[in-house]
Visitor: 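Just dropping this structure here.
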Amino acid sequence: MEKLGLKFDDVDVKSIKETGDIESYCQGKTETEVLNIARYVTDCKNAVANIKAKEKEVETLTAVVDQMKTLKGAGEASEVDVIDSELSLLKSNIELEVYYYDMNVAYYSIVGE
């Protein structure tokens, strides 16, 4: 990337990328480009919706992990229960990262079109 002079210093992967209407990107584009842009805008909006939902899920699962640790301390839950809740949280965090990736790919595909 350095050889090509590409820098991504200004890219904040974790910020939500909002897109406008499809029509605002389609002026002066061919029919094929318009179809691609429509797909990218839809993909970006879907990813943003998924991110918002997944963030709530991560928040809930974080509380579940804390609760399981407390229950384990009180003798009401096993180590397996704690590990299971932690694995669920990790899986959800991975899915969240995938949604951020999808959003950024779609957004920068629109910008680059």
Visitor: Looking only at non-hydrogen atoms, find the nearest pair between Thr19 and Tyr25 and report the distance.
Guide: CA-OH, 3.6 Å
Visitor: If you look at every heavy atom in Val64 and Ser85, which pair is closest and at what distance?
Guide: CG1-CB, 4.1 Å
Visitor: Nearest 0.5 Å, what's the OH-CD1 distance between Tyr100 and Ile16?
Guide: 4.5 Å
Visitor: Which atoms form the tightest heavy-atom contact between Cys44 and Ala106, and what is the distance?
Guide: N-CB, 3.6 Å
Visitor: Regarding Glu57 and Lys52, does a basic nitrogen lie under 4.0 Å from an acidic carboxylate oxygen?
Guide: no
Visitor: Looking at CD of Glu55 and OG of Ser92, how far apart are the two atoms once the value is rounded to the nearest 0.5 Å?
Guide: 10.0 Å
Visitor: Measuring from Glu86:CD to Asp81:CG, what's the distance to the nearest 0.5 Å?
Guide: 11.0 Å
Visitor: For Ser109 and Val105, which heavy atoms make the closest approach, and how far apart are they?
Guide: OG-O, 2.7 Å
Visitor: Tell me, with the steps shown, if Val48 and Lys17 meet side chain to side chain contact (heavy atoms under 4.5 Å, CB included).
Guide: CA-CA 8 Å; Val48 168; Lys17 312 292 191 297; 5.6 Å; no
Visitor: Let me check something: do Val58 and Ile51 share a hydrophobic cluster, defined by ILVMFWY side-chain heavy atoms less than 4.5 Å apart, either directly or through other members?
Guide: yes
Visitor: Please determine, by modelled atom types, if Lys72 and Thr70 share a side-chain donor-acceptor pair under 3.5 angstrom.
Guide: no
Visitor: From Leu96 CG over to Lys56 NZ, what is the distance, rounded to the nearest 0.5 angstrom?
Guide: 12.5 Å
Visitor: Can you get from Tyr108 to Met103 by hopping between Ile, Leu, Val, Met, Phe, Trp and Tyr side chains that sit under 4.5 Å apart?
Guide: no
Visitor: For Glu97 and Lys14, what are the C-alpha separation, side-chain angles and deciding distance, and is it a salt bridge (Lys or Arg N to Asp or Glu O under 4.0 Å)?
Guide: CA-CA 9 Å; Glu97 294 297 321; Lys14 294 290 180 148; 2.3 Å; yes
Visitor: To the nearest 0.5 Å, what is the distance between CG (Asp43) and OH (Tyr107)?
Guide: 15.5 Å
Visitor: How many angstroms lie between CD1 in Ile94 and NZ in Lys91, if you round to the nearest 0.5 Å?
Guide: 9.5 Å
